[in-house]
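Naming: A, B, ... by sequence-line order, numbering from 1 per chain. These numbers come from a predicted model, not from an experiment. The basis for the numbers below is simple: all heavy atoms, side chains too, and nothing from hydrogens, waters or symmetry mates.
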2 protein chains.
Amino acid sequence: MKIGELARRSGLTAHTIRYYERIGLLPYADRDRSSQRDYDVSILVWIEFLGKLKTTGMPIREMLRYAALRELGSGTGPQRRALLERHREQVRARVAELNACLLVLDTKIDGYADSDKRIDDYDAELFQHRQQSSRARQARPR
Amino acid sequence: MKIGELARRSGLTAHTIRYYERIGLLPYADRDRSSQRDYDVSILVWIEFLGKLKTTGMPIREMLRYAALRELGSGTGPQRRALLERHREQVRARVAELNACLLVLDTKIDGYADSDKRIDDYDAELFQHRQQSSRARQARPR
DNA sequence: CTACGAGTTCGAGCGCGCTCTAAGTCAAGC
DNA sequence: GCTTGACTTAGAGCGCGCTCGAACTCGTAG
């Protein structure tokens with residue numbers, strides 16, 4: 001499998017695949033006679049797992065630690081396990097945090113639902129009060 | 001309240017507070033005789049809500065849209081509500097995604113738990129096979 | 001033979017959200 | 001009257017994770 005097909009099948013771009021190889025997230029791929037990368041389908045499993053780590057917010061730096069342990073082979077199981085367990089705790093904490101925020105959002109939305117009045121108009125007036133004289137000179141976020 | 005105290009009480013840095021004002025996330029603050037920002041405690045409520053939006057992954061660009069509607073005042077309730085409802089859906093989707101990933105993590109961790117063997121050692125060997133000849137020239141992520 | 005498309009390397013550039021520095025002003029305490 | 005420390009502005013810089021462009025090499029189809 002060449003890089004184009006792997007890109008299609010993995011959902012990454014060829015650019016990203018090469019980038020991941022450069023930084024060590026993907027193993028250095030064997031090349032064919034014309035130095036083109038030739039992948040085994042098994043790489044897809046690894047890429048998919050990396051995707052889960054990424055989706056759950058693991059920084060690349062830590063994925064690299066995991067990938068390095070993996071390369072070291074069979075003796076590193078306990079360390080890899082510990083790394084994943086730590087990460088799992090972080091993800092659980094994140095989910096709890098998001099759920100807490102969802103409650104706040106629900107409340108806020110309910111406030112708007114009250115004939116689109118009361119609470120929020122009050123907020124808006126407060127806000128506008130603070131805006132009074134000022135205006136002008138803005139800046140855009142970059 | 002001056003910026004230093006607001007920083008302490010809000011958890012933001014003074015730098016960040018000024019940055020938020022520059023881009024329009026915070027209203028332009030009144031200044032005292034020596035051009036120092038003088039805040040009303042009510043700003044804390046707004047900052048806290050912005051914190052929830054941020055925690056739930058809303059990009060600044062969208063917070064700005066919300067802040068702008070707020071400044072426009074009482075007529076914009078329905079639009080603000082719609083914006084928050086859209087966001088809430090995204091957060092819910094995110095939570096679902098994280099929960100799905102947690103299941104994968106659980107499975108993977110369970111795999112390591114099996115006397116630290118089997119599944120993962122197999123993975124590791126496959127990986128090492130693909131690493132064979134290659135090594136050398138690395139690159140660090142920036 | 002040539003044109004095409006898919007691959008290669010190297011390194012620069014980007015979007016996001018801050019974060020920090022420099023150079024200056026001001027008010028209060030010794 | 002001088003120092004100290006918190007404030008001011010404008011603008012540069014950073015860490016992350018890609019993303020893209022330039023210039024090149026191949027292999028195959030017409």
Side chain of B:Y19 only, please: which of D:dG17, C:dT19, C:dT9 is the nearest? C:dT19
Side chain of A:Q36 only, heavy atoms from C-beta on: which candidate in C:dG7, D:dC7, D:dC16 is closest? C:dG7
Report the residue from A:R80, A:Q79, A:E85 that forms a side chain to side chain contact (heavy atoms under 4.5 Å, CB included) with B:Y112. A:R80
Please report, rounded to the nearest Å, how far the P atom of D:dT8 is from the CG atom of B:L6. 11 Å
In terms of the angle between their ring planes, are A:Y66 and A:W46 parallel, tilted or perpendicular, with boundaries placed at 30° and 60°? parallel
When you match A:S34 and A:P59 each to their closest nucleotide on DNA chain D, which lands nearer the 5' end? A:P59
How many Å lie between CD1 on A:I23 and C1' on D:dG17, as a whole number? 8 Å
Cation-pi geometry met for A:K2 and A:Y39 (6.0 Å, 45°): no
By nearest nucleotide on DNA chain C, pick out whichever of B:R33 and A:I3 is the more 5' one. A:I3
Once you round it to whole Å, what is the distance between P of D:dC7 and CG of B:D38? 11 Å
Answer whether the closest heavy-atom distance between the side chains of B:L12 and B:Y19 falls below 4.5 Å. no
Can you see if the side chain of A:R37 gets near the phosphate of C:dG7 - specifically, an N or O under 4.0 Å from OP1 or OP2? no
Please determine whether side chain to side chain contact (heavy atoms under 4.5 Å, CB included) holds for the pair A:R86 and A:R81, giving the CA-CA distance in whole Å, both sets of side-chain angles, and the decisive distance to 0.1 Å. CA-CA 9 Å; A:R86 257 179 278 123; A:R81 182 184 171 186; over 6 Å; no
Let's see if you can work this out: which of C:dG17, C:dT9, C:dT21 has an atom nearest to the side-chain heavy atoms of B:H15? C:dT21
Does a side-chain N or O of A:R31 approach OP1 or OP2 of C:dT9 to a distance below 4.0 Å, or not? yes
For the side chain of A:R22, counting heavy atoms from C-beta on, which of D:dT19, C:dG17, C:dA6 is nearest? D:dT19
Nearest-angstrom distance from the residue atom CD of B:E5 to C1' of D:dC7: 14 Å
What is the separation between atom CD1 on A:I17 and atom P on D:dC20, rounded to the nearest whole Å? 14 Å
Between C:dC16 (P) and B:L25 (CG): distance, integer Å: 14 Å
